[in-house]
Amino acid sequence: MTRSIRPSRLISPFLLCAIASACGGNGDGTSTLPVPTAAELVASCPGLSATALAAALPVANTTLATATLVDATVTAPQHCQIDGEINRRTGTDGQSYAIRFRLRMPISAWNGRFFMGGGGGTNGTLVDPTARLAEGYATIGTDGGHDNATNTVAAAGGTAAFGLDYQARVDFAYNAYDQVTQVGKALVEKFYQQGPKYSYFVGCSEGGREAMLMTQRFPAHYDGVVAGDPVLHIPLGPLNGLYTTKLFAGLAQRSGLTLANGDPALGKTYSDTDLLLFRNAILGACDALDGLNDGIVDNQPACTTALVSAKLAEVQCTSAKTDNCLSADQIDTMKIAYVGAINSQGTSLYSDWQWDAGIGGQNGSAYNPSWRSWWLGSYASATNNATKLNFATAEAVIYTTPPQAVSTADSLSYSLNYNFDTEPIKLYQTTGAFPQSTASMTFTDAVDLSRFKGRGGKMMIYQGASDSSVSIKDTLRWYDAMNAQMGSKAQDFARVYVVPGMAHCSGGPATDKFDMLPQLVDWVEKGVAPDSVVASATNPGYFGVSSRTRPLCPYPKQTRYKGSGDINDAANFTCQ
Ligand SMILES: [Ca+2]
């Protein structure tokens, strides 16, 4: 079909006047653009759902379900919302699957840019980044090819159940984000009569992995990405979770900490007070290594296990355990956990972890996001509620080949019985029905990014040093390798900003509040490289102050105090 209204200010008034009756110009073709009436737009926007339009889209089996003109609100401009789906099908597990998406296009306030927001966890909910809509972006998000509302099966890992179907694995691993980008850009072009001038992808956690994916597997799609706490090796985080579950369960059993049902009480192995002892030991060992005692460890490479161990020894109980000391078993178990998952031969299965002050300081309230929510769960809970237990079944159903259907009710027993010598290889193997391993499908650790760099792409990566689900060390190890591959010139197009104290994507005793997109846009469009990013503390009370700002520095640079002025003001710090 032919749409009769071209509502964008970017469309030539002459063209619009040639095809529609709504001519609002001054007659000389130079000034006022025509503004379609609401009635015309209502007729126009839903018209996009016509079959003929769908047939012309770049991805087969794309269906546009609804198109709606959404009135302006205080937080969003008037826009056209299109909901659609790609490849509705019945999976090999009998479930109905599709790649759903939602596109929102400002009517008159479009900034000429396309924005995709990343997902989280194992996806399954429709991402809808409306905050960027208010900034003028045409926005899009997807559910990653499965729907938690309909595809959840408790006996097969709950929301992980889609892992039983190979195509659903492929869609989640990479295909959904590629196809939705293609369809979204095509719809933008049809709507505005021109494609986006620039395209951006921003996400954290799984969404950070998707951002990385766009620089590696689909480098033509996006001019710039922000990858937050990117899960470079998504099957290995849960693997490490299985390892620490086993480790902390051992500590619980040795300490007589059991739940009413007899399960080891993971959350009770370390109280919040105990974690504060760890935090204080780490600060005692490492806070001043950056030249300033401020509750933030900026010089992380210097913060070694040896230094931290010496401080922990000072708070080891000499008699009965009290709130003022840590048992030898608590200290030893945590040190083993920080080595990271290993097999019986001592071979690392994922990564070691960085000692950082965000391990404690949760002040009893904000468990999620926080350090302990992933590794331990809350202290007071009557059940085991560590976030990693939710991903134990994902390890079995989504990432193991062939998939193993583990009930959500069995996530703890699956973790405790996991064999670290025989099982991890299944993340790397294939079968006839599952011809790609999940490692090959999901890893985003490519070191040759010449295609992305070559098309002018820019990437900003950030990660909390106290992220307990994704190891900062794994991310920096990749960056070093990528930098070496790229001739030590990674800084020209890719920068990593470590956020000391920050947990997974946000939270913790940290300057954890920032928005990297504006600087990414300047880097992409104006060539202004982001030499630092000013961040503020969501909870400055961790530091005993009412506010704190700091520059985040591109690795390997670190934040340094200039030596005078308010230590809570970013202006008094530099990157070196
Ligand atoms: Ca410091």
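What you are looking at is a predicted structure, and each value in this text was computed from that prediction instead of being measured.
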Are [X] and [Y] linked by a side-chain donor-acceptor pair shorter than 3.5 Å?
X: S205; Y: H504; answer: yes
X: D323; Y: T273; answer: no
X: D171; Y: H146; answer: no
X: S506; Y: D512; answer: no
X: S96; Y: R88; answer: yes
X: D229; Y: Q463; answer: no
X: N148; Y: T152; answer: no

Closest approach of [X] and [Y], non-hydrogen atoms and distance?
X: G501; Y: A465; value: N-CB, 4.3 Å
X: P500; Y: I296; value: CB-CG2, 3.6 Å
X: A394; Y: A160; value: CA-CB, 3.8 Å
X: I398; Y: T438; value: O-CG2, 3.2 Å
X: A227; Y: G208; value: CB-O, 3.6 Å

Qualifying residues under salt bridge (charged side-chain N to carboxylate O under 4.0 Å, His left out), relative to [X], sequence neighbours excluded:
X: D298; value: none
X: K321; value: D274
X: K268; value: none

Heavy atoms, side chains only, cut-off 4.5 Å: are [X] and [Y] in contact?
X: F420; Y: Q345; value: no
X: L376; Y: L275; value: yes
X: T347; Y: I342; value: no
X: P264; Y: T245; value: no
X: L236; Y: L427; value: yes
X: V308; Y: C303; value: yes
X: Q316; Y: C325; value: no
X: N568; Y: T549; value: no

* Carboxylate-amine/guanidinium contact D178 R217, below 4.0 Å -> no
Test item: [X] side-chain N/O and [Y] main-chain N/O as donor-acceptor pair under 3.5 Å:
X: D83; Y: T66; value: no
X: R279; Y: A357; value: yes
X: Y350; Y: S471; value: yes
X: N385; Y: S378; value: yes
X: E85; Y: A98; value: no
X: S468; Y: W371; value: yes
X: S440; Y: S437; value: yes
X: R372; Y: G267; value: yes
X: Q216; Y: L213; value: no
X: S255; Y: L251; value: yes

* According to the side chain to side chain donor-acceptor pair (under 3.5 Å) rule, which pairs have a member within residues 396-416, sequence neighbours left out? -> R169-T401
Filter on salt bridge (Lys or Arg N to Asp or Glu O under 4.0 Å), then keep only pairs touching [range], sequence neighbours left out; what's left?
range: residues 301-312; value: K311-E314
range: residues 142-157; value: R100-D143, R100-D147
range: residues 382-397; value: none
range: residues 342-355; value: D352-K473, D352-R477

* Using ring-ring contact (aromatic ring centres under 6.0 Å, His included) as the criterion, list what pairs up with Y338, not counting sequence neighbours. => W355, W375
* Looking at residues at least two apart in the chain, or sitting in another chain, which of them share a side-chain hydrogen bond (donor to acceptor under 3.5 Å, both in side chains) with N87? -> none
* Asked: Got a sec, which residues hit side-chain hydrogen bond (donor to acceptor under 3.5 Å, both in side chains) with S466, two or more places apart in sequence or on another chain?
  -> D356
* Steps toward ring pair (Phe, Tyr, Trp, His ring centres under 6.0 Å) verdict (W374, F391) -> CA-CA 10 Å; W374 284 88; F391 291 93; 5.6 Å; yes
Ignoring hydrogens and angles, write down the donor-acceptor pairs under 3.5 Å from the side chains of residues 115-126, residues two or more places apart or on other chains.
from : atom 1 : to   : atom 2 : distance (Å)
N123 : OD1    : G120 : N      : 2.8
N123 : ND2    : Y177 : OH     : 3.0
N123 : ND2    : E210 : OE2    : 2.9

* Asked: Taking the six-membered ring for Trp, are Y462 and F514 parallel (under 30°), tilted (30 to 60°) or perpendicular (over 60°)?
  -> perpendicular
* Asked: Can you check side-chain contact (heavy atoms from CB on, under 4.5 Å) on D263 and N384, steps first, answer last?
  -> CA-CA 8 Å; D263 285 346; N384 279 313; 4.1 Å; yes
* Checking ring pair (Phe, Tyr, Trp, His ring centres under 6.0 Å) for the pair F162/Y97: CA distance, chi angles, key distance, verdict? -> CA-CA 9 Å; F162 73 90; Y97 291 105; 7.5 Å; no
* Asked: Is the centre of the F278 ring less than 6.0 Å from the centre of the Y270 ring?
  -> yes
* Asked: Quick one: which of D467, V498, V499 gives a side chain to side chain contact (heavy atoms under 4.5 Å, CB included) with I472?
  -> V498
* To do: Any chance you could lay out the side chain to side chain donor-acceptor pair (under 3.5 Å) test for N343 and Y243, step after step, and finish with the verdict?
  => CA-CA 10 Å; N343 63 19; Y243 184 82; over 6 Å; no
* **Test log, rule side-chain contact (heavy atoms from CB on, under 4.5 Å), inputs L164 and T92** => CA-CA 8 Å; L164 299 177; T92 54; over 6 Å; no
* Asked: Which is it for Y174 and Q436 under the side chain to side chain donor-acceptor pair (under 3.5 Å) test, yes or no, and what are the steps along the way?
  -> CA-CA 12 Å; Y174 59 85; Q436 291 183 88; 3.0 Å; yes
* Apply side-chain contact (heavy atoms from CB on, under 4.5 Å) to the pair R132 and L517, showing each step before the final yes or no. => CA-CA 10 Å; R132 300 300 178 181; L517 183 59; 3.5 Å; yes
